[in-house]
Amino acid sequence: MDFEKIIDRKQTDSVKWDTIEETFNHPDVLPLWIADMDFDSPLPIKDALRRVIDEEILGYSFPGNSLLEAIIEWQKDYHDMRIEENDILFSPGVLSSIAVTIASLTEPGDSILIHDPVYPPFYSMCEKNNRHIFRSSLILSEGRYEMNFKDMESQFKKKNIKLFILSNPHNPGGRVWSKEELIRLTDLCIKYGVILISDEIHSDLVYHENTCVSPVTLNESYKNWIVTLHSATKTFNIAGVKASFMIVFNEMLKNKIIKVQEETELGVINTFGMRATEAAFSNSREWHKVLLSKLESNRRIVIDYFDKNLPNISYMNPESTYLFWFNASSLEINPSELRGTFADIGKVGLNDGISYGPNGGPYMRLNFAVPEPILIEGLNRIKSVFDHFSK
């Protein structure tokens with residue numbers, strides 16, 4: 001497990017590395033944007049995929065008992081969630097799961113609420129499915145986001161919200177929601193008849209001082225109101241295998257979801273996704289442990305760098321994820337131009353905050369899941385942008 005090994009990902013059809021010029025209009029931009037890691041994926045997963053090839057015939061396959069058991073054990077050990085095989089619904093990806101839950105649990109013209117800022121596809125998936133989408137701005141308090149429960153309740157009541165999509169932990173701010181917050185949120189959902197979709201794809205990337213809680217584990221009655229989305233792909237750097245799953249306890253919700261999955265063929269994952277997920281949860285726990293240590297180290301490098309070299313730039317100390325959310329408002333640039341500015345002047349590719357919602361406008365998102373030399377180079381390039389405008 002060499003997390004300092006620099007892997008050349010160019011010419012591999014990598015979205016992160018091979019769309020640089022198309023995305024940032026420069027061929028020499030250092031990409032620290034899209035959320036996949038520049039670390040070697042776990043050997044047990046690669047060995048499992050090689051065994052698939054060695055079987056010689058790549059025919060139809062189905063999720064076996066060992067895969068289901070791996071998921072059940074992982075959820076029990078890491079999330080204190082007790083599930084059974086029939087609580088699991090497979091899906092090609094978390095975004096596919098979101099699309100299916102929107103289609104199955106709401107009708108065209110229904111209203112859906114999300115936070116602001118939040119992962120951009122939450123908005124686009126609702127919009128593409130002809131739902132009315134509303135945002136509740138998160139409150140910035142002492143350097144981290146908090147939910148605005150007063151605003152959320154007002155919107156639940158006045159906008160007739162049918163579905164709330166939660167990023168748990170929060171992307172892009174890295175916030176790990178507390179038990180108290182999740183209880184308050186779920187109780188509000190139940191009070192107003194709102195189904196809660198909890199996207200927990202980042203829930204296995206949480207730092208030692210925090211614990212990510214799945215709201216469905218907090219009260220037996222919550223199981224009737226929550227659909228939990230999960231995947232091994234983000235944690236184990238295997239996004240390309242396209243595999244995820246939903247955990248659904250309520251039979252009525254489950255049947256509605258299954259109906260749409262059957263209509264769209266979105267309830268199937270491929271053989272590589274099955275084998276990779278099983279190997280991740282069953283045989284890659286040591287890799288996961290070392291990964292978290294590496295991410296802790298990189299997080300400290302980023303924070304120390306900003307504190308020393310950019311002391312006037314505010315940021316959020318991520319409690320989870322490998323994403324760093326910093327405020328670039330001091331540049332006094334239109335938020336829609338920030339991404340281009342960092343690419344033009346600093347030759348560094350970041351996600352622009354405005355794409356996460358109006359409330360994210362002055363921010364930029366940095367992916368620090370890279371070997372240390374690349375991270376230091378990226379931070380120096382970010383600093384060069386601030387230096388340029390301070391002259």
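Residue numbers start at 1 and run along the sequence shown. Only a predicted model underlies this, so the values are computations on that prediction, with no experimental measurement involved.
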J.: Determine whether R131 and P108 make a side-chain contact, defined as any pair of heavy atoms from C-beta on separated by less than 4.5 Å.
T.: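 Answer yes - side chains close enough.
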J.: For the residue pair L67 and F90, establish whether any side-chain heavy-atom pair is separated by less than 4.5 Å.
T.: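 Sidechains of F90 and L67: in contact.
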J.: Roughly how far, to the nearest 0.5 Å, is the CG atom of D36 from the CD1 atom of I238?
T.: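 Interatomic distance, I238 CD1 to D36 CG, rounded to 0.5 Å: 12.0 Å.
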J.: Relative to the ring of Y119, is the ring of F122 parallel (under 30°), tilted (30 to 60°) or perpendicular (over 60°)?
T.: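 Ring orientation of F122 relative to Y119: perpendicular.
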J.: Could you tell me if the side chain of L323 sits less than 4.5 Å from the side chain of P172, heavy atoms only?
T.: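 When only atoms from C-beta onward are counted, L323 and P172 do not touch, as no gap falls below 4.5 Å.
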J.: State, without any angle test, whether D151 and Q155 hold a side-chain donor-acceptor pair at a distance under 3.5 Å.
T.: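 Short answer, yes.
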J.: Let me check something: do F62 and L49 share a hydrophobic cluster, defined by ILVMFWY side-chain heavy atoms less than 4.5 Å apart, either directly or through other members?
T.: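 Different clusters: F62 never reaches L49 through Ile, Leu, Val, Met, Phe, Trp or Tyr contacts under 4.5 Å.
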J.: Do the ring planes of F342 and F386 sit parallel (below 30°), tilted (30 to 60°) or perpendicular (above 60°)?
T.: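 Geometry flag for F386 against F342: perpendicular rings.
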J.: Verify, without hydrogens or angle tests, whether D187 (side chain) and C189 (backbone) share a donor-acceptor contact under 3.5 angstrom.
T.: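 Pair absent, no side-chain N/O of D187 close to backbone of C189.
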J.: One pair to check against side chain to side chain donor-acceptor pair (under 3.5 Å): T228 and S214. What are the steps and the verdict?
T.: CA-CA 8 Å; T228 305; S214 296; 5.6 Å; no
J.: Other residues, nucleotides and ligands only: do more than 12 of their heavy atoms fall within 6.0 Å of CD on E55?
T.: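 Result for CD/E55: enclosed.
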J.: With side chain to side chain donor-acceptor pair (under 3.5 Å) as the criterion, how do D307 and Y315 come out once you've worked through the C-alpha distance, each side chain's angles and the decisive distance to 0.1 Å?
T.: CA-CA 10 Å; D307 288 347; Y315 59 81; 2.7 Å; yes
J.: In Å, rounded to the nearest 0.5 Å, how long is the span from NZ of K308 to CD1 of I303?
T.: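 One gets 16.0 Å once the value is rounded to the nearest 0.5 Å.
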J.: Ignoring hydrogens, what is the shortest heavy-atom contact between A35 and N367? Give both atom names and the distance.
T.: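 Smallest interatomic distance, heavy atoms only, reads CA-ND2, 3.9 Å.
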J.: Decide yes or no for I301 and L379: does some side-chain heavy atom of the first lie under 4.5 Å from some side-chain heavy atom of the second?
T.: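 Counting from C-beta outward, I301 and L379 do come under 4.5 Å.
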J.: Run the ring-centre check on F324 versus F306 and record whether the distance is less than 6.0 Å.
T.: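 Aromatic pair counts; centres sit under 6.0 Å.
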J.: Would you verify whether the NZ or CZ of R365 falls within 45 degrees of the ring axis of Y356 while also being under 6.0 Å from that six-membered ring's centre?
T.: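 Judged by the rule, R365 and Y356 form no cation-pi pair.
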J.: Go through it in stages, so that I can follow the logic: the residues are K16 and D38, the test is side chain to side chain contact (heavy atoms under 4.5 Å, CB included), and I'd like the CA-CA distance, side-chain angles, deciding distance and then a yes or no.
T.: CA-CA 10 Å; K16 185 176 183 180; D38 286 335; 3.2 Å; yes
J.: Would you check if the distance from the ring center of F164 to the ring center of H115 is below 6.0 Å?
T.: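 Under 6.0 Å, so yes.
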J.: Verify whether one side chain among D116 and Y123 offers a donor that lies under 3.5 Å from an acceptor in the other.
T.: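 Distance-only check fails for D116 and Y123.
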J.: Are the side chain of T19 and the backbone N or O of T23 linked by a donor-acceptor pair below 3.5 Å?
T.: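 A pair under 3.5 Å: no.
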J.: Report yes if the distance between the aromatic ring centroids of F368 and W325 is under 6.0 Å, otherwise no.
T.: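 No; W325 has its ring centre 6.0 Å or more from that of F368.
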J.: Measuring centre to centre across the rings, with the benzene-like ring taken for any Trp, is F3 within less than 6.0 Å of W287?
T.: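 That pair passes the under 6.0 Å test.
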J.: Quick check on salt bridge (charged side-chain N to carboxylate O under 4.0 Å, His left out): which of K159, K158, K191, R184 does E153 satisfy it with?
T.: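 Only one of K159, K158, K191, R184 forms a salt bridge (charged side-chain N to carboxylate O under 4.0 Å, His left out) with E153, namely K191.
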J.: Group every Ile, Leu, Val, Met, Phe, Trp and Tyr by side-chain heavy-atom contacts under 4.5 Å, then state whether V370 and I6 land in the same group.
T.: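 Yes, it is one cluster - the side chains of V370 and I6 are joined through contacts under 4.5 Å.
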J.: Please find the pair of heavy atoms, one from S66 and one from E278, that lie closest to each other, and give the distance.
T.: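 Residues S66 and E278, closest heavy atoms: OG-OE2, 2.9 Å.
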J.: Compute whether any side-chain donor of one residue and acceptor of the other, for H208 and E296, lie under 3.5 angstrom apart.
T.: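 Per modelled atom types, H208 and E296 side chains form a pair under 3.5 Å.
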J.: Can you hop from L350 to F389 via hydrophobic side chains spaced under 4.5 Å?
T.: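 Yes, one cluster joins them.
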J.: Output yes when a side-chain donor or acceptor of S97 lies under 3.5 Å from a complementary backbone atom of G93, and no otherwise.
T.: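 Checking the backbone N and O of G93 against the side chain of S97, a donor-acceptor pair under 3.5 Å is found.
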J.: Between Y78 and H288 (judged by ring centroids, cut-off 6.0 Å), do the two rings come close enough to count as a pair?
T.: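 Yes, they do, as the ring centres are separated by less than 6.0 Å.
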J.: Find out whether K234 and M37 are in side-chain contact, i.e. whether some heavy atom of one side chain is under 4.5 Å from a heavy atom of the other.
T.: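 In short, these two side chains do not touch, never coming nearer than 4.5 Å.
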J.: Please give me the minimum heavy-atom distance between P215 and T186, naming the atom from each residue.
T.: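 Of all heavy-atom pairs spanning P215 and T186, the closest is CB-OG1, 3.8 Å.
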J.: Go through the steps to decide whether E181 and S178 satisfy the test side chain to side chain donor-acceptor pair (under 3.5 Å), and finish with yes or no.
T.: CA-CA 5 Å; E181 288 170 307; S178 68; 3.1 Å; yes
J.: Between N168 and C212, what is the shortest heavy-atom contact and its length?
T.: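 Between these two residues, the closest heavy atoms are OD1-SG, 4.0 Å.
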J.: Using 0.5 Å steps for rounding, measure from the CG atom of N298 to the CD1 atom of I376.
T.: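 Rounded to the nearest 0.5 Å, the CG-CD1 separation comes to 8.5 Å.
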J.: Once you round to the nearest 0.5 Å, how far does CD1 of I382 lie from CG of L32?
T.: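 With rounding to 0.5 Å, CD1 (I382) is 6.5 Å from CG (L32).
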J.: Can you name the nearest heavy-atom pair linking S231 to A243, along with the distance?
T.: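 In terms of heavy atoms, the two residues are closest at OG-O, 2.7 Å.
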J.: Anything under 30° is parallel, anything over 60° is perpendicular, the rest tilted; go ahead and classify F156 against Y192.
T.: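 F156 and Y192: tilted rings.
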J.: Can the positive tip of R299 be found less than 6.0 Å from the middle of the six-membered ring of Y207, inside 45° of the ring normal?
T.: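 Yes, R299 lies over the aromatic ring of Y207.
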J.: Are H230 and H79 close enough that their ring centres sit under 6.0 Å apart?
T.: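 When the ring centroids of H230 and H79 are compared, they turn out to be within the sub-6.0 Å range.
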J.: For atom CD of E209, decide whether the heavy atoms of other residues, nucleotides or ligands shown that lie under 6.0 angstrom number more than 12.
T.: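 Correct, the count exceeds 12.
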J.: Would you say D87 and V248 make side-chain contact, with heavy atoms under 4.5 Å?
T.: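 Result no, sub-4.5 Å side-chain heavy-atom pair not found.
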J.: Apply side chain to side chain donor-acceptor pair (under 3.5 Å) to residues W17 and D8 and explain how you reach the verdict.
T.: CA-CA 9 Å; W17 284 88; D8 185 1; over 6 Å; no
J.: Would you say the side chain of D110 lies within less than 4.5 Å of the side chain of L163, judging by non-hydrogen atoms?
T.: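 In short, these two side chains do not touch, never coming nearer than 4.5 Å.
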J.: Side chains of W177 and E146: closer than 4.5 Å at any heavy-atom pair?
T.: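 No - every pair of side-chain heavy atoms lies 4.5 Å or more apart.
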J.: How close do P169 and V206 get, heavy atom to heavy atom, and via which atoms?
T.: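 Closest approach of P169 to V206, heavy atoms only: CG-CG2, 4.2 Å.
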J.: In Å, rounded to the nearest 0.5 Å, how long is the span from NZ of K162 to CG of L105?
T.: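 Nearest 0.5 Å value for the NZ-CG distance: 12.0 Å.
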